Number of protein chains: 4
Amino acid sequence: MKKREVQASVKDELLVRRRRSQMIRGAVALFKQKGFHRTTTREIAKASGFSIGTLYEYIRTKEDVLYLVCDSIYDQVSSKLMKDLNGKGGTLESLKQGIADYFRIIDEMQDEVLVMYQEAKSLSRDALPYVFRKENEMAAMFGKLLSRCTENGELELSEKEIDLIAHDIIVLGQMWGFRRWALKKRFTLEEYIHHQTELLLSGISKGKPSGQLNGQATLRGAPNS
Amino acid sequence: MKKREVQASVKDELLVRRRRSQMIRGAVALFKQKGFHRTTTREIAKASGFSIGTLYEYIRTKEDVLYLVCDSIYDQVSSKLMKDLNGKGGTLESLKQGIADYFRIIDEMQDEVLVMYQEAKSLSRDALPYVFRKENEMAAMFGKLLSRCTENGELELSEKEIDLIAHDIIVLGQMWGFRRWALKKRFTLEEYIHHQTELLLSGISKGKPSGQLNGQATLRGAPNS
Amino acid sequence: MKKREVQASVKDELLVRRRRSQMIRGAVALFKQKGFHRTTTREIAKASGFSIGTLYEYIRTKEDVLYLVCDSIYDQVSSKLMKDLNGKGGTLESLKQGIADYFRIIDEMQDEVLVMYQEAKSLSRDALPYVFRKENEMAAMFGKLLSRCTENGELELSEKEIDLIAHDIIVLGQMWGFRRWALKKRFTLEEYIHHQTELLLSGISKGKPSGQLNGQATLRGAPNS
Amino acid sequence: MKKREVQASVKDELLVRRRRSQMIRGAVALFKQKGFHRTTTREIAKASGFSIGTLYEYIRTKEDVLYLVCDSIYDQVSSKLMKDLNGKGGTLESLKQGIADYFRIIDEMQDEVLVMYQEAKSLSRDALPYVFRKENEMAAMFGKLLSRCTENGELELSEKEIDLIAHDIIVLGQMWGFRRWALKKRFTLEEYIHHQTELLLSGISKGKPSGQLNGQATLRGAPNS
DNA sequence: GATGAATGAGTGTTCATTCAT
DNA sequence: GATGAATGAACACTCATTCAT
């Protein structure tokens, strides 16, 4: 997938990568705290450890910083996810693990995800498509897992259903990030993973209570016999 | 629930209400289009049909407008919802209808919900708790429905599970608003409602395929018998 | 002639006129001293007697100030000139007086003319045509005077010659402004007028030494007999 | 005439000359297009074929570039002119040729002259006197020509008149450069030369219609007999 | 109660200049 | 002698807010 290139005045590619990584680290911290719009470019420069002039050697506009931040977070999340999901067979068990992996990644990158999630909409018209593509791509990863399960006869889902569930997984993962003010009071991460997985899988598995799949207590008190 | 009061210089309560309603209508249109931060107070005044000076007779700061907007949207959504849910008995069927009602409200108020959803985080520290409370309140409405079903023996859910599912419903509803770029290509509103309800209910109902509840084709090809 | 309108946020036309006149006065003083590019908008605001914010209520960009300045100077020069030239008959004597009037106007508005002359080129592509038109218009005034003299048989000039001489008059007038560092050491204004008029008229008049026209000493020591 | 020296860090005089000549070529092209103030030092460096660091090895400030450019143009114009004028006898005919030579030089170096003409005023206080001296020097060349004609009895002009006419020649030459937007529509260079020379010479020649001097048609239809 | 002119702190961005490599 | 990354003062312009009318 071709990215929207962010132009830098500095030629040294290595340096550009290094400086931008500083910049992203600094910017995420600030955006987290005060949001993109309330953060000034000067603050970003300072948090990145260089001057305002230097900042602008590596970007063209403030929005470039946001794009770089979002891009970097997506890349991190999806590369982690890809590593975890890669080669995952078409079993319900591996689907379950895939979901758990994803939720754990979200938890790890909580701040980043929150930032990306809340600020991405401030990207300009021409950067948004890239974000949508990235989101679709991530949903597609789960789509593939679900497809394989269907092919293996572990699930019986139409294309449409696969699509929807894939998006549901993505959103319920993000939900752990953006509703933590409500969820953290009630659930640990593992509880959250457990219950949501249960809900998703028992909702789609072929008549078998998913709880039996891994021997954990089912969501329902008593499995139907 | 006590609201954060927004101070007005004007005394005439009726006038205040009327002006603020104009203001909210204008502001929603603008926020929808360009977001809170990119909208100026002048634009809000103009879109509201009065001068900048008059605008400031009815608010104290620009943020007040955002608060008023969010507050109004919440009120509309939750009053509609309350009307629909009120007296809903403790049956799965009525739960299902409740979910469908909620999703349809979200669809109707798509723009408003999107605005509120994306801009609420720009509210200041002291307005946020109110938003959280409102969100909790709305989740609680579904919580109550779920409780009743459990009391009636239609569902078997723990407190925690009720909480989680209630939040899931809220979020999956919002998802129809904030992911419409992906969902509208694939689903009509009714399809979306159908599939999500199916997923949620078959995930929690006591061994009965939810599809049978209303005679529609089930999500799964063949119900377990 | 339609002008390029400079947009103001303020509605009150009278106020706009008053403020802009303050602004022009302030800006001319500054441009004279340091040129357009070295003058900051804040300096312009200060010199105009209002804040930077107020300045921008009456213009859109810094370049607007320059345009307003140039426009105003042109208007002053050409309206003065028009008043002086109006009804000037087709005699050499009146042509001579017209030239003298013009040179005196330039002298009066020395600073303004210098500013306009040196900074007009900084106007943007779409403002320049207006400046050219104004310059042509002014040249055309003298063109008309020369035409009348030709019609009356006082001069015998082709269209082309009229055009050139008209432009020469304009430029030799401006020259008094932009070369004053050289000319003021050697000439008073009246001397300058006298000599340049002599040169121009004896260069074109029909064989009669222009000096005899008004009884002044001729440029040449001895009239041709 | 002693020049304002522009300091270079580099010692090798030959290299300094070579680099500066590159620099001037690049800068003229840029100044022509966007003016001095809108041209950045980076652009100058790039157009000159070396880095910004190297640029500053050969100048001290950006203004030095402008000075170098103006200086170079003056030198070119005046050396060409000096070559053409050198040894020009004291006849009206040679004066005429001198004027034509000058106008043709201006035409050849149109862009450079325009640049110098429009940007010289941006030179700092201490560089301006040099420019004035150069202009005076050039006027003086024509002054000398006019003096010789007077000495030879071909013209009868006072010191003052000589001075004025010399400056007029310089300015009417520049006029061909800076008013080309108006003149090029109406005149070819040779027409312009012809008419302006005619005007200048018939304005000062001793009662003899200048047209007879070289057998060309006179400006006036009929010479006085 | 309504208006809109006035304000100025604050913002994103540029660019001449320096200096370590 | 050449390079180009780093710097930060300076700039044009915006906009929430106030207040005299």
Side-chain angles (χ1 to χ4, degrees), chain A residues 8-12 15-16 19 37-46 49-65, chain B residues 8-12 15-16 19 37-46 50-65, chain C residues 8-12 15-16 18-19 37-46 49-65, chain D residues 8-12 15-16 19 37-46 49-65:
Chain A
S9 304
V10 171
K11 302 291 172 61
D12 183 340
L15 191 56
V16 170
R19 292 277 181 258
H37 281 106
R38 295 200 213 275
T39 301
T40 69
T41 51
R42 279 175 163 77
E43 288 170 325
I44 296 170
K46 194 170 190 184
F50 33 73
S51 71
I52 182 66
T54 300
L55 179 71
Y56 274 88
E57 292 281 308
Y58 295 93
I59 53 161
R60 283 253 250 257
T61 67
K62 186 185 175 190
E63 212 214 275
D64 281 346
V65 180
Chain B
S9 307
V10 173
K11 305 290 170 201
D12 182 340
L15 192 52
V16 170
R19 291 276 185 253
H37 281 106
R38 296 197 213 275
T39 300
T40 69
T41 50
R42 278 171 143 88
E43 287 170 324
I44 295 169
K46 192 170 190 184
F50 36 75
S51 72
I52 182 67
T54 302
L55 181 72
Y56 274 86
E57 294 284 314
Y58 297 93
I59 53 162
R60 282 258 248 258
T61 69
K62 185 186 175 191
E63 214 212 273
D64 282 347
V65 180
Chain C
S9 304
V10 171
K11 303 289 173 60
D12 183 340
L15 192 54
V16 170
R18 198 160 60 230
R19 292 276 183 259
H37 281 106
R38 296 199 213 274
T39 301
T40 70
T41 51
R42 275 176 162 78
E43 288 171 325
I44 296 170
K46 194 169 190 184
F50 33 72
S51 71
I52 181 67
T54 301
L55 179 71
Y56 274 88
E57 291 281 310
Y58 296 92
I59 52 161
R60 282 256 250 258
T61 67
K62 185 185 175 192
E63 213 214 274
D64 281 347
V65 180
Chain D
S9 306
V10 173
K11 306 291 170 197
D12 182 342
L15 191 55
V16 170
R19 291 275 185 254
H37 280 106
R38 296 197 214 276
T39 301
T40 69
T41 51
R42 280 173 143 87
E43 288 171 323
I44 296 169
K46 193 170 190 184
F50 35 75
S51 71
I52 181 68
T54 301
L55 181 73
Y56 273 86
E57 294 284 315
Y58 296 93
I59 54 162
R60 281 257 249 257
T61 70
K62 185 186 175 189
E63 213 213 272
D64 281 348
V65 180

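Keep in mind the model is a prediction, meaning the values are calculated, not measured. Naming: A, B, ... by sequence-line order, numbering from 1 per chain.
Put simply, CZ on D:Arg60 is 16 Å from C1' on E:dC19, counting in whole angstrom units. One interatomic measurement links the two molecules: CZ of B:Phe50 to P of E:dT3, which rounds to 9 Å at whole-angstrom precision. Rounded to an integer number of Å, the gap from NZ of C:Lys46 to C1' of F:dC11 is 16 Å. For the pair B:Leu55 CG and E:dG1 P, the interatomic distance rounds to 16 Å; values are reported in whole Å. In this structure, OH of C:Tyr58 is placed 20 Å from P of F:dA12, rounded to the nearest angstrom. The nearest whole Å value for the distance from the CD atom in D:Glu57 to the P atom in F:dG4 is 13 Å. Distance C:Lys62 NZ to F:dA10 C1': 12 Å, rounded to the nearest Å. If you measure from atom CZ of D:Arg19 to atom P of F:dG1, you get 10 Å, rounded to the nearest angstrom.
Listed pair A:Lys11 / F:dG4 fails the phosphate criterion, with no side-chain N or O lying under 4.0 Å from OP1 or OP2.
Side-chain to base pairing of B:Arg42 with F:dT14: no donor and acceptor N or O lie closer than 3.5 Å to each other. A donor-acceptor contact under 3.5 Å is not formed by the side chain of A:Arg38 with the base of E:dG10.
Classified by interplanar angle (parallel below 30°, tilted 30° to 60°, perpendicular above 60°), the ring pair B:His37/A:His37 is parallel.
Picking from E:dT14, F:dT17, E:dT7 the nucleotide with the shortest atom distance to the side chain of A:Ile52 gives E:dT14. Listed nucleotides E:dG12, F:dA5, E:dA6 differ in distance to A:Leu15; the shortest reach to its side chain belongs to F:dA5. Looking at the side chain of B:Thr61, the nearest of the listed nucleotides E:dG12, F:dG1, F:dT17 is F:dT17. Of all nucleotides listed (F:dC13, E:dT7, E:dT13), E:dT13 comes nearest to the side chain of A:Tyr56. Proximity note for D:Thr54 (side chain, C-beta onward) versus E:dT14, E:dT3, F:dT3: the nearest is F:dT3.
When Watson-Crick and G-U wobble pairs are counted only if both distances are under 3.5 Å, F:dG4 pairs with E:dC19.
If you check every strand for non-hydrogen atoms under 4.0 Å, D:Thr41 touches a base. Here B:Thr40 lies in heavy-atom contact (under 4.0 Å) with sugar-phosphate atoms only.
Taking OG from A:Ser51 and NZ from A:Lys46, the interatomic distance works out to 12.5 Å, rounded to the nearest 0.5 Å.
At a threshold of 4.5 Å between non-hydrogen side-chain atoms, the residues A:Asp64 and A:Tyr58 do not count as touching.
A residue-by-residue look at B:Glu63 and D:Ser9 shows that D:Ser9 has its nearest nucleotide of DNA chain F further toward the 5' end.
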